[in-house]
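A, B, ... follow the sequence lines: proteins, then strands. Residue 1 opens every chain.
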Amino acid sequence: MALIREEDATEIRQRLNAMAGPVKLIHFTQQLNIEYGRETRQLLEELATLSDKLSLEVYDFLLDNQKVAEYGVDKVPATAVRNGKDYGIRFYGIPAGYEFAALLDAIIEVSLGASELRAETKEKLSQVTQPVHLQVFVTPT
Amino acid sequence: LATQYRVYAVPRTVINEREVIEGSVPETQFLERVLKAIEKNDER
């Protein structure tokens with residue numbers, strides 16, 4: 001059974017029309033001992049069909065060590081949203097509910113290569129020279 | 001993970017494993033907190 005209903009798919013297709021460049025979802029999962037692993041993968045597979053600018057790569061957290069290290073993934077399910085550049089955006093857990101909207105926002109911003117931050121904010125952030133780690137804890141409800 | 005970072009309400013944002021922003025705050029405040037966290041990092 002599809003996780004994304006047809007009427008939602010139509011809406012999502014429309015939103016993804018705002019995409020400019022291609023975006024890749026890099027997904028890490030494993031077979032056993034994982035919460036919402038199958039559902040997350042299925043959700044992303046369905047999502048990736050809704051725009052020809054969107055593609056999905058799936059890796060095994062336990063087997064694909066090189067990719068796991070490359071993306072700095074330490075838990076699954078994990079999903080990186082990137083284009084030619086990796087902006088460091090990671091979603092951990094299933095991006096359902098409100099987080100699905102956040103995922104769509106991330107996809108569109110990455111696709112545009114631009115954020116919606118104010119010019120002053122960008123100006124100040126451009127002076128940051130060291131990596132900053134932001135973890136946002138959320139619920140899907 | 002929620003226990004490790006003492007998450008009792010969401011959203012909770014943890015900057016560099018130390019600084020915490022509780023709830024949703026305006027962009028300027030968020031920026032200030034991020035910059036402050038970086039300063040503290042530099043002091044270490």
Cut-off 4.5 Å, heavy atoms of chain A, and the answer for V14(B) is both

### Query
Would you call K36(B) and E19(B) a salt bridge, taking side-chain N to carboxylate O under 4.0 Å as the test?
no

query = Is there side-chain contact between Y71(A) and D86(A), with heavy atoms separated by less than 4.5 Å?
reply = yes

The interface call for I38(B) against chain A, heavy-atom contacts under 4.5 Å, is both

Exam field: side chain E46(A) to backbone L3(A), donor-acceptor pair closer than 3.5 Å: yes

- Message: Using side-chain heavy atoms (C-beta onward) and a distance below 4.5 Å, is P22(A) in contact with N83(A)?
- Response: no

Whatever's closer than 4.5 Å to a heavy atom in chain A on I21(B) counts as neither

Looking only at L125(A), V128(A), V136(A), the option with the highest number of non-hydrogen pairs under 4.5 Å against chain B is V136(A)

